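Below is one structure, written out as structure tokens, with a few remarks after it.
We count ligands from 1, going down the list as the structure has it; atoms in each ligand are counted the same way. Only a predicted model underlies this, so the values are computations on that prediction, with no experimental measurement involved.
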Amino acid sequence: MQPRPPRELDLATLCARPDEPAPSTTIPLAGPIELSAVFRVADLDHIDALYESREPGFIYARDGHPAGARLATKIAALEAAEAALICSSGMAAEAALMLSSLGQGDHVALSDGLYGKTAALAAREFSRFGVEHSWFDPTQPETLREVLRPNTKLVFVETISNPLLRLANLAGLSEVARSAGAMVVVDNTFAPLLCRPLEWGASAVVHSLTKLIGGHSDVTLGAVAGARELVARVGATASTFGQTGAAFDCWLTSRGLATLPLRSGRACATAMRLAELLAAHPKVAATHYPGLASHPDHALATRLLQGGFGTIVTIDLGGRAEVDAFIRGLSGIVFAPSLGDVATTLSHPSTTSHRGQSAEQWSRQGIHPGLVRLSVGLEAFEDLRAELEHALTLLS
Ligand SMILES: Cc1ncc(COP(=O)(O)O)c(C=O)c1O
């Protein structure tokens with residue numbers, strides 16, 4: 001109970017003071033959005049108890065807030081992890097994890113085909129701080145063994161690579177890395193629900209929640225999931241570097257998460273049908289989709305992925321001119337360099353996610369200007385089929 005003020009308050013004072021919570025014995029069904037950057041502390045005993053974790057509660061939003069905590073609980077459950085931390089983007093999550101785990105003189109092993117910014121973070125930014133790196137083929141754990149060194153602290157891999165959708169042999173990689181004392185971090189952005197990397201031996205999972213989990217292209221957010229002690233360490237680093245996520249973005253992402261199973265199931269099913277259609281189309285030089293028997297990792301995908309082969313289909317149209325004509329011929333599928341939206345979108349890896357990489361990096365990853373990456377959404381299959389077939393007929 002607040003003591004009564006010693007005099008009747010001036011209107012200016014009334015307006016300036018924080019709102020008092022409205023008395024209620026009910027709680028809202030839809031979660032509230034607590035935008036507060038700071039929380040009210042009762043007294044000095046209370047602040048000590050909060051800092052010493054003797055009482056639950058939040059103090060300063062950069063260190064934690066209710067919407068972030070609620071979302072983190074669900075992301076941890078999604079990944080069968082003890083705990084999760086919400087960061088301001090997928091890149092913030094990756095950076096916080098690396099900042100908390102790596103130091104001068106350490107070495108990281110990076111899988112071929114990593115998202116361009118992840119490659120830049122680990123190979124370019126961290127090298128400025130004396131962290132060395134090597135590359136390996138995530139489909140072949142033996143290639144990881146060849147690059148491991150006594151100072152290898154971290155192995156970074158994506159469940160499904162971008163844009164050729166190669167599958168990581170997570171069990172084999174984890175075994176090799178753990179025997180050398182290195183932690184395996186898996187970017188599971190392309191496969192939420194379909195794969196739980198911790199169950200295959202990974203040490204931590206990162207997500208760009210901006211993609212499928214948010215699901216509506218209206219948030220930029222990321223997560224780290226893993227053991228409680230690891231997540232606490234990453235959380236302390238993320239707070240110091242200012243990398244934690246904002247409350248409204250967390251709220252929107254929780255809302256997106258509610259329909260993730262429905263969206264993922266439908267989009268995976270449509271992606272499979274589109275991949276079959278495109279694989280048989282004479283204007284498409286190659287179709288990359290792990291659900292196709294022709295995909296080099298199809299057998300691994302069948303073991304690793306549950307409930308679908310993903311929502312991304314990559315096609316090879318030959319060259320840049322064909323891709324341009326294809327994009328102009330589409331009537332509803334838009335060129336938007338992201339993925340995981342409710343609507344089907346397309347991206348062009350060589351001018352977006354893998355822009356600026358060297359010819360050697362492209363050739364190592366099989367990237368060239370003729371590749372188009374489709375992120376399949378929730379439209380009716382027949383509408384997507386008609387639109388894609390029409391755009392393909394325009395190619396010479
Ligand atoms: C596989 C993958 N990981 C991480 C990221 C980075 O996520 P964000 O854009 O939320 O920082 C992306 C972004 O495209 C991505 O595709």
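- Looking at ligand 1, you won't find any N or O of Asn162 less than 3.5 Å from one of its N or O atoms.
- Looking at ligand 1, you'll find an N or O of Met91 within less than 3.5 Å of one of its N or O atoms.
- Residue Arg255 qualifies as open at atom CZ: its count of foreign heavy atoms under 6.0 Å is 12 or below.
- Atom numbering of ligand 1 starts at 1 in the shown order; those under 4.0 Å from a heavy atom of Gly90 are 7 (O), 8 (P), 10 (O), 11 (O).
- Closest protein heavy atom to atom 10 (O) of ligand 1: Thr210 OG1, 2.6 Å.
- A side-chain N or O of Ser239 and one of Arg62 form a donor-acceptor pair less than 3.5 Å apart.
- When His207, Arg373, Lys117, Lys211 are ranked by how near their heavy atoms come to atom 13 (C) of ligand 1, first place goes to Lys211.
- In Arg364, the CZ atom is crowded: over 12 heavy atoms of neighbouring residues, nucleotides or ligands sit closer than 6.0 Å.
- Using a cutoff of 4.0 Å between basic side-chain nitrogens and carboxylate oxygens, Lys117 and Glu94 are not scored as salt-bridged.
- A salt bridge between Glu175 and Arg178 is absent, with no side-chain N of the basic residue lying under 4.0 Å from a carboxylate O of the acidic one.
- Those atoms of ligand 1 with a heavy atom of Glu94 less than 4.0 angstrom away are 3 (N), 4 (C).
- One finds a salt bridge joining Arg196 and Glu199 here, because a Lys/Arg side-chain nitrogen approaches an Asp/Glu carboxylate oxygen to under 4.0 Å.
- For atom 6 (C) of ligand 1, the nearest protein heavy atom (residue, atom name, distance) is Tyr115 CE2, 3.6 Å.
- If you check which protein heavy atom lies closest to atom 2 (C) of ligand 1, you get Asp187 OD2, 3.5 Å.
- Close N/O approach between Thr220 and ligand 1 is not found [any backbone or side-chain N/O within under 3.5 Å].
- Salt-bridge check for Arg233 with Glu229: passed, with a basic side-chain N closer than 4.0 Å to an acidic carboxylate O.
- Below 3.5 Å of separation, one finds no N or O of Thr118 facing any N or O of ligand 1.
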